[in-house]
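One structure is given here, and the rest of the page talks about it.
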Number of protein chains: 2
Amino acid sequence: MRQASPKPEGLRERNRREKYEHITNVSIRLFLENGYDATTLAEIAHSSGISRRHLFNYFDSKDEILFSHLREYYEMIAESIARGSPDEPTLEVVRKAILSNLTRFDAERTLAIAKIMRNNAALQSKNRANEINLEKAIMKGLSALWPSKMSHDRLLFASILSSGAIRFATYIWLRDGNEIKLADCVAEAFDRMKFEIQCTE
Amino acid sequence: MRQASPKPEGLRERNRREKYEHITNVSIRLFLENGYDATTLAEIAHSSGISRRHLFNYFDSKDEILFSHLREYYEMIAESIARGSPDEPTLEVVRKAILSNLTRFDAERTLAIAKIMRNNAALQSKNRANEINLEKAIMKGLSALWPSKMSHDRLLFASILSSGAIRFATYIWLRDGNEIKLADCVAEAFDRMKFEIQCTE
DNA sequence: GCTATTGTTGCACTGAGTGCATTTTAATTG
DNA sequence: CAATTAAAATGCACTCAGTGCAACAATAGC
């Protein structure tokens with residue numbers, strides 16, 4: 001996907017952004033109505049008012065329509081981690097970064113996507129594959145915070161643990177419905193990590 | 001993929017198994033020679049001496065050719081976990097199960113697949129997506145070992161942590177070449193988990 | 001041997017994704 | 001404002017993965 005230019009947003013950039021959002025919304029609606037597999041790119045293009053070919057100037061692939069909005073979110077997390085305090089432990093920095101960015105988390109869209117993915121193993125796989133990007137974002141943030149003090153391997157391991165905790169938190173949140181706050185799930189997941197390891201002692 | 005029948009293996013079963021191995025070997029050779037994307041299923045079928053259509057009676061998709069052999073391995077891990085001692089901590093049970101099955105781990109094939117995946121982001125994503133199966137296998141084993149004593153969530157979390165540790169171990173092992181033993185990498189990864197958490201205290 | 005089952009093939013089709021040439025639209029400059 | 005340049009948008013033709021179906025070949029069991 002193309003990056004937004006850092007300059008003041010011109011008409012082109014704004015149009016692009018709006019159309020990007022529009023296509024995503026249309027697609028999610030169609031996926032919810034008819035299912036992911038049964039919805040073709042031709043239909044999405046037609047319903048969005050653009051040509052099928054031009055879809056690929058916005059999204060690299062069909063599943064990117066569902067996941068690409070996360071890139072921006074992941075980027076914010078990376079920056080938030082990089083602004084953490086280097087005296088705290090790695091996992092604590094990540095936890096705080098996640099919690100402080102939770103307001104930017106698009107819960108409604110996530111719920112819709114979760115519904116689309118239900119009973120679609122292939123999509124769930126692609127969702128999992130997309131976790132690579134979260135992990136890389138965490139790694140990027142941690143590397144920026146400790147440019148050389150900590151070994152690459154330690155930071156990588158922390159990234160892996162963190163993304164696992166986040167996935168667990170999201171899973172619980174989606175499963176237990178709206179009764180539970182996502183923040184609590186995240187906090188609990190990171191706590192659970194300590195607990196589970198301590199049991200090993 | 002079809003399951004091997006538990007009965008004594010007839011001529012059909014044996015042929016199937018041999019052909020399955022044959023196709024896999026031919027495919028890996030072609031992937032190494034010409035790259036994954038540049039190798040079509042038509043070529044694989046032709047080089048394997050079967051029709052393109054018939055490939056799909058062995059593998060559900062192109063990438064399954066690379067990953068399906070892991071199912072058997074994962075199944076053994078699940079059984080090994082289920083045979084663990086219920087008095088030990090979850091992560092310890094998993095660790096021992098992994099280590100005791102390492103002789104069945106096909107290092108050579110894994111190295112070849114890693115080489116094929118290098119510089120192919122899409123394949124790396126699919127590899128990551130395939131980790132779902134490892135996690136499910138671990139979960140299955142743990143659930144069998146503690147049918148009701150431990151909560152589903154605790155076991156799930158342990159599965160997530162374990163699969164993360166295993167991925168880290170594999171990553172280090174692939175990166176540092178043959179100087180390092182995979183068993184050491186696995187042991188170190190599980191140790192590292194304790195260490196990383198203790199830093200949080 | 002005969003029969004049911006399973007392996008195997010070919011064919012035609014759908015849909016995602018790409019390369020390319022072309023047209024349309026917006027930004028830039030004189 | 002008009003001319004130029006760059007980017008957005010389209011249409012077309014193509015490749016390839018994956019599927020449904022009908023037909024045929026091989027094998028297991030009787």
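Values in this document were obtained by computation on a predicted structure and should not be read as measured data.
One finds no side-chain N or O of Lys19(B) lying less than 4.0 angstrom from the OP1 or OP2 phosphate oxygen of dG7(C).
Side chain of Lys62(A) to main chain of Tyr36(A): a donor-acceptor pair is present (N/O by atom type, distance under 3.5 Å, no hydrogens or angles). No side-chain donor-acceptor contact under 3.5 Å links Asn130(A) to the backbone of Lys126(A).
Atom OH in Tyr20(B) sits about 18 Å away from atom C1' in dG7(C), given to the nearest Å. Here the P atom of nucleotide dA9(D) and the CD atom of Glu18(A) are 12 Å apart, to the nearest Å. At whole-Å resolution of the value, CZ in Phe56(A) and C1' in dT15(D) are 13 Å apart. Straight-line distance from the CZ atom of Arg14(B) to the P atom of dG7(C): 15 Å, rounded to whole Å. If you measure from atom CZ of Phe59(B) to atom C1' of dC16(D), you get 19 Å, rounded to the nearest angstrom. A straight line from CG of Asp37(A) to P of dA17(D) spans 19 Å, rounded to a whole angstrom. Between Ile50(A) atom CD1 and dT10(D) atom C1' the separation is 11 Å, expressed in whole Å. When the P atom of dT8(C) is taken as reference, atom CG of Asn15(B) falls 8 Å away, rounded to whole Å.
Which of dA9(D), dG17(C), dG15(C) sits closest to the side chain of Tyr58(A) comes down to dA9(D). For Lys62(B), counting side-chain heavy atoms from C-beta on, the closest listed nucleotide (dT9(C), dG18(D), dT10(D)) is dG18(D). Picking from dA9(D), dT8(C), dG17(C) the nucleotide with the shortest atom distance to the side chain of Asn57(B) gives dT8(C).
Place Asp63(A) and His54(B) on DNA chain C by their nearest nucleotides, and His54(B) ends up nearer the 5' end.
The aromatic rings of Tyr171(A) and His152(B) sit tilted relative to each other, their planes meeting at an angle between 30° and 60°. The aromatic rings of Phe105(B) and Trp173(B) lie perpendicular to each other, with more than 60° between the two planes, well past the 30° mark.
Taking only distance into account, the side chain of Arg52(A) never meets the base of dG15(C) through a donor-acceptor pair shorter than 3.5 Å. Evaluation of atom-type donor-acceptor distances gives no pair under 3.5 Å for the side chain of Arg53(A) against the base of dG17(C).
Ion pairing between a basic and an acidic side chain is recognised when a charged N comes within 4.0 Å of a carboxylate O; Arg71(A) and Glu75(A) show no such pairing.
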